[in-house]
Amino acid sequence: MGSGMEFFIALLGPVLGVMFVALLVASFIALYTLAAVYAERKVSAFIQDRVGPLETGPRGLLQTVADILKLLLKEDIVPRMADKPLWVVAPFVVFSAVFVGYAVMPFGPELVAANLNVGVLFITAFAAFEVAGLLLAGWGSNNKYALYGAVRSVAQVISYEIPAGLAVLSVVLLAGTLNLQEIVLQQGIGASGPRHLFGLPFLPDVSALGGLFTWNVLAYPHLLIAFAIYFIASLAEVNRAPFDIPEAESELVAGYHTEYGGIKFAFFYLAEYGGMLLVGLIGAVLFLGGWHSPLPNLGPVRLADWTTGPIWGIFWLLLKGFAAVFVHMWARWTLPRLRVDQLMYLCWKVLTPFAVAMVVVSAFWASWR
Amino acid sequence: MDYYRIAFYLFGALTVLAAVVVVWSRNLIHAGMGLLLTLFGVAGLYALAAADFLAVVQILVYVGGIVILLLFGIMLTQRIAGRAPRTGVVNRTVGALIATGLFVLFVMVIFSARFAELPWIAQGRMIDRESAPPVGSTVERLGQLLVGPYLLLFEVAALVLTVALIGAAYLARRSRQEGARPRRMIS
C-alpha cells in the first residue's frame, strides 16, 4: 500500500511539475489576452480619433475584465442541429494548437520548455491542428456562415504557409539548424565564428559588440525582405485584418465562430490573441535576435552584457512580441480588407516569388560564406 | 512502467482506436477526424523511436496537408454542393474474404520474420541503455543522406511532385469556352 503511494508520487511528481509550468504559461496567455483586447480597443479608438472604453474602471481598464466575466457566466448553448462532439472540441483544438507552440519558444538562456532539434518545424506542423480545429468549428456549427468562414480560413492559412515557410527557410539555411534556441544563440555575443556588419567581409566584425548588430536582419540584410514577407504571411495565418476574410463581419456575421458563445467563444479569442503573440515571437526569434538585448557593448559601457539574463531575456522577447502585436493592431485599423482574389494574387504572385528569391540568396550566401 | 512505456501505449491506443473510428464511422467527417488522430498517433510513435524529424514531418505532411485537403473536399462536396457521398456497406462476402485473407497473410509474415535475428535489431539489443549516449538530432544525418547517396531519388521525387502540381493546375484551369458559358446562360 505504502509503496503503491510512493510509486504514484514518483510517477506523478514530474508530471505535476510540467503541468504547473504549462498552467503558468496558460495563465500568462489569458492575462495577456485581457490586456491585448483592451489595447486593441484603445489603439483602434486613437487611430479613428475616438476615446475607446472609458466607463468601467479608471480609463476603462476593467472593461475586458467585465467582458470575460460576462462570457464565463453565460449559458453554454449548443445549437440543436450541430455535430455535437466536433462542435464542442473545436475551440479547445484551436487553442491547444496555438498553446503547444509556446513549448518550444526560447524565452532566455536556459529558459526553454522543450529544446527540440526541430523546433521551427514543430511550430509550423502544429499550426496544422489549428486549421483542423477551424474546420471542425465550421462544420460542427451546421451554419452556412460558419462553414464558409472555415473554408475561407483554411484556404488562406494553407496558401500563406508557403511564403511564410520559405521566409523561415531562408533563415534556417543560414543558421544551419532547426533548433530555435541555437538560432537565437547565433544572434548574440559568444556566437561561434565572426559576424561581420551586414554580412560583408570587408566591414568590421561585430560579434563582440552584440546587440542589434548581430541580429539576423542586420547580419544578413536580405533577411529584412524575408522578415517583411514572414510578417505579412503571419498576419494572414492568424486571420487578422487586412486578411480577415474568414470572419468578414459584413458578409459572414463572424465566420467560423458565428455559433459560439460563452467560454467556448473565449477560447477562440485566446487562440487568436495567443496566435498573434506566437507569430510575433517566432518572427523575433528568427529575425530580431530572440531574447538578446538590442543594446550593444560600446567599449567599457557593456550594455549588452548588463541587459542579458533570464529576466532580461523574457523582457526583450516579450517586448519584441508585443511590438509585433501592436503592428498587427495598427494594420488592422488602418488597412481595408482584401478581396478573395486579391488575397490569392498577393500570396502566389507577389509573396511566394520574392520568398523563393530570398531562399536562393540565402543558399548562395550560405555556400560562399 | 516508465514514462516511455506509458507514452508508447497511449499513442498506440490512440492510433488503433482512431483507426477503428475511421473504418466504422458512417459520417465521413468523423472518419476524417479519426484519420487525423491515427496519423498523429503514428507521429507520436515516431517521436518515441527518436525519429524527431520524421515525427514532425508526418504531422506537417499528413495532418496539415493531406487530411485537411481531404476534409476540405468532403465539405465542399457534401454540404456546399449538397451531394451526399456513398457510405453504405456493399459486397459483404467478397470484402470479408479479402480482409480475412490479408489479415492472415500479414500475421503470417509478421510471425515468420524473426525480428530478433535481424542484424540491426540484434545490434540495437547489444547497446546498454544506461551507458549509451543519447540519440542526437536526425536532421543533419538525413540532410547529408538526401544530398549525398540519395540525391538522384530526391530529385526524382521533386520532379514527380512538380509534374503533379503542373497537372493539377492544368486540370483546374478554366478553359476559354467554359468560362464564357455561365455568362451566356445568365443573359
Side-chain angles (χ1 to χ4, degrees), chain A residues 7-8 10-12 14-15 18 83-86 89-90 93 97 100 104 114-136 138-144 146-148 150-155 157-158 161-162 165 172-173 176-179 182 348, chain B residues 1-3 5-7 21 25 27-37 39-40 43 46-47 50-82 134-143 147 165 169:
Chain A
F7 171 72
F8 268 108
L11 197 68
L12 285 178
V15 174
V18 169
D83 192 332
K84 197 171 173 202
L86 301 187
V89 298
V93 172
V100 151
V104 294
N115 196 3
L116 291 191
N117 285 317
V118 287
V120 179
L121 271 181
F122 182 86
I123 292 184
T124 320
F126 272 89
F129 274 92
E130 189 185 354
V131 173
L134 295 182
L135 273 182
L136 288 188
W139 175 266
S141 297
N142 205 351
N143 172 320
K144 65 179 172 190
L147 186 62
Y148 276 117
V151 168
R152 281 184 184 189
S153 178
V154 172
V157 174
I158 288 183
E161 257 172 24
I162 290 160
V172 170
L173 268 175
T177 175
L178 291 169
N179 186 322
E182 271 179 39
W348 293 104
Chain B
M1 288 289 262
D2 46 7
Y3 287 114
R5 245 171 231 203
I6 295 172
V21 173
S25 175
N27 185 330
L28 272 186
I29 293 290
H30 289 185
M33 291 317 295
L35 189 60
L36 192 148
L37 284 180
L39 295 167
F40 176 64
Y46 284 154
D52 51 357
F53 186 77
L54 191 61
V56 174
V57 168
Q58 161 94 2
I59 293 177
L60 197 66
V61 172
Y62 285 97
V63 177
I66 291 171
V67 177
I68 297 291
L69 284 183
L70 212 87
L71 290 173
F72 209 68
I74 298 169
M75 286 183 186
L76 284 175
T77 48
Q78 202 167 343
R79 208 165 270 178
I80 292 182
V135 185
S137 170
T138 56
V139 181
E140 286 90 0
R141 186 105 185 83
L142 264 173
V147 293
L165 204 67

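In what follows, every chain begins at residue 1, and chains take the letters A, B, ... in the order their sequences are listed.
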Discussion item. Need one label for V139(B): side chain, backbone, both or neither, based on atoms under 4.5 Å from any heavy atom in chain A.
Written reply: side chain

Practice prompt. Quick one: pull up CG in L121(A) and CG in D52(B) and give me the separation to the nearest 0.5 Å.
Written response: 9.5 Å

Worksheet item: So do the side chains of F122(A) and I59(B) get within less than 4.5 Å of each other, counting heavy atoms only?
Response: no

Response to the item:
Okay, A127(A) and chain B: the region with an atom under 4.5 Å from a heavy atom over there is neither

Worksheet item: How many angstroms lie between atom CE of M33(B) and atom CG of L136(A), to the nearest 0.5 angstrom?
Response: 4.0 Å

Discussion item. For F129(A), I'd like to know if atom CZ has over 12 heavy atoms of other residues, nucleotides or ligands within 6.0 Å.
Written reply: yes

Discussion item. Using heavy-atom distances under 4.5 Å, tell me whether L135(A) contacts chain B through its side chain, its backbone, both, or neither.
Written reply: both

Worksheet item: Given the rule in the side chain to side chain contact (heavy atoms under 4.5 Å, CB included) test, do L178(A) and F53(B) qualify, once you have shown the distances and angles that lead to the verdict?
Response: CA-CA 10 Å; L178(A) 291 169; F53(B) 186 77; 4.1 Å; yes

Worksheet item: Between I68(B) and chain A, which part of the residue has a heavy atom less than 4.5 Å away: side chain, backbone, both or neither?
Response: both

Worksheet item: Minimum heavy-atom separation for A132(A) to L36(B), with atom names?
Response: CB-CD1, 3.7 Å

